[in-house]
Amino acid sequence: MTRLIQKQQTRQRVISAATYLISKQGLAAMRTADVAERAGLSHGGIFVHFPTREKLLTEVVSQIGCKITDKLHALISNDAALQQVLEAHIQCLSEHEASYTTFLRESRLLPRDVLRTWVGIQSAISVHMATPAELAMQQSQIRQMPIHLLFNTWVGLVHHYLMNRDLFAPRSSVLKRHGKELIEHFMSLITPM
């Protein structure tokens, strides 16, 4: 049992080291040798836990995605209003802002399996938005529109601010600085006059 726990802890150290390096250097610059050094392992020790760099990247994206979507799910109740979902989304993203922004910026460089995981994260977020949005449309609280356009407009706005953090919030969290403003603006766009 102790050996299994030790193996899981080492695996988590590798994931944490990779996450840190990705948030600081980016995906393309992250080398498994650097991950090994940061995790306190030999270079070959990385491959005991992750046979390829792609498998490691997939696990990093998956863990961050699960943290975001699990927290989003925990923050919203079944009867949460759309604005509450948006607030929870901003809060969840802000906790992983550096890594998430790196994945966003370098998404075209992601291997296919990693990209599939990334798309799954976006799908999970859109599912959380769909139910309250549909209810708000039925009650004429927001404009009628296809859910995919509603979601893509929201995520496009958030992603634009994340991608341009240096313009909107140099050396700080763009979501903590502008999150409330983004939510208010988005709600004003979708609320009937």
Side-chain angles (χ1 to χ4, degrees), residues 19 22-23 26-27 57-58 60-170 172-193:
T19 302
I22 288 168
S23 69
L27 288 166
L57 288 175
T58 300
V60 168
V61 172
S62 179
Q63 277 201 13
I64 290 172
C66 284
K67 287 176 184 175
I68 290 169
T69 56
D70 288 353
K71 179 128 188 199
L72 182 61
H73 185 71
L75 286 172
I76 58 173
S77 63
N78 290 337
D79 59 348
L82 180 59
Q83 184 161 338
Q84 292 171 305
V85 174
L86 301 178
E87 290 166 355
H89 186 216
I90 290 290
Q91 182 182 341
C92 295
L93 289 182
S94 69
E95 292 173 13
H96 304 280
E97 188 171 324
S99 299
Y100 186 91
T101 303
T102 298
F103 294 135
L104 178 60
R105 186 176 291 119
E106 299 184 39
S107 64
R108 295 293 173 229
L109 303 174
L110 295 173
R112 188 174 345 128
D113 286 345
V114 182
L115 189 56
R116 226 174 288 149
T117 302
W118 173 256
V119 170
I121 294 165
Q122 302 309 314
S123 295
I125 294 166
S126 72
V127 166
H128 285 295
M129 285 182 68
T131 302
E134 288 169 346
L135 181 60
M137 282 184 224
Q138 289 170 2
Q139 296 173 349
S140 300
Q141 295 170 344
I142 65 172
R143 297 175 187 189
Q144 294 290 325
M145 66 186 77
I147 292 296
H148 69 276
L149 290 178
L150 178 93
F151 174 73
N152 288 330
T153 302
W154 167 248
V155 86
L157 178 63
V158 171
H159 286 182
H160 175 74
Y161 271 73
L162 287 169
M163 292 291 289
N164 294 287
R165 185 178 80 198
D166 293 342
L167 294 174
F168 300 118
S172 68
S173 167
V174 71
L175 295 179
K176 287 180 181 171
R177 183 179 284 182
H178 294 286
K180 185 177 180 192
E181 180 183 21
L182 295 177
I183 293 165
E184 290 170 359
H185 176 67
F186 180 73
M187 291 303 294
S188 74
L189 292 175
I190 64 173
T191 302
M193 298 275 182

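To the nearest 0.5 Å, atom CG of residue L104 and atom CG of residue L110 are 10.0 Å apart. In this structure, F186 CZ and L86 CG are separated by 6.0 Å, a value rounded to the nearest 0.5 Å. Interatomic distance, T102 OG1 to H96 NE2, rounded to the nearest 0.5 Å: 13.5 Å. Distance OG/S99 to CD/Q63: 11.0 Å, rounded to 0.5 Å. Once rounded to the nearest 0.5 Å, the distance linking OG1 of T69 with CD of Q122 reads 10.5 Å. The structure places CG of L115 at 12.0 Å from CG of L57, a figure rounded to the nearest 0.5 Å.
Side-chain atoms of V60 and F103, non-hydrogen and from C-beta on, do get closer than 4.5 Å to each other. Two residues are said to be in side-chain contact when any heavy atoms from C-beta on lie closer than 4.5 Å; R165 and E97 meet this criterion. For the pair H185/S188, a side-chain contact is recorded, criterion being any heavy-atom separation below 4.5 Å from C-beta on.
Between G65 and I121 the shortest heavy-atom distance is CA-CD1, 3.3 Å. In plain terms, the two heavy atoms of L162 and R105 that are nearest each other are O-NH2, 4.3 Å. Nearest heavy atoms, T117 versus V61: CG2-CG1, 3.8 Å. Across all non-hydrogen atoms, the minimal contact from L150 to M129 is CD2-CE, 4.2 Å. When all heavy atoms of R177 and S172 are compared, the pair lying nearest together is NH2-OG, 3.4 Å. Nearest heavy-atom pair, I90 versus G179, reported as atom, atom and distance to 0.1 Å: CG2-CA, 3.9 Å.
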Item to complete: Let me see the working for I125 and V155 under side-chain contact (heavy atoms from CB on, under 4.5 Å), right down to the final yes or no.
Response: CA-CA 10 Å; I125 294 166; V155 86; over 6 Å; no
Discussion item. V174 vs L167, test: side-chain contact (heavy atoms from CB on, under 4.5 Å). Steps then yes/no.
Written reply: CA-CA 9 Å; V174 71; L167 294 174; over 6 Å; no
Fill in: Test side-chain contact (heavy atoms from CB on, under 4.5 Å) applied to Q141 and M187, step by step
CA-CA 10 Å; Q141 295 170 344; M187 291 303 294; over 6 Å; no
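Without hydrogens or angle criteria, E106 side chain to L27 main chain gives a donor-acceptor distance under 3.5 Å.
Ion pairing of E95 with K71 is present here, as a side-chain N (NZ or NE/NH1/NH2) and a carboxylate O approach within less than 4.0 Å.
Classified by interplanar angle (parallel below 30°, tilted 30° to 60°, perpendicular above 60°), the ring pair F168/H178 is perpendicular.
Taking the six-membered ring for Trp and the full ring otherwise, H159 and Y100 have centroids separated by under 6.0 Å.
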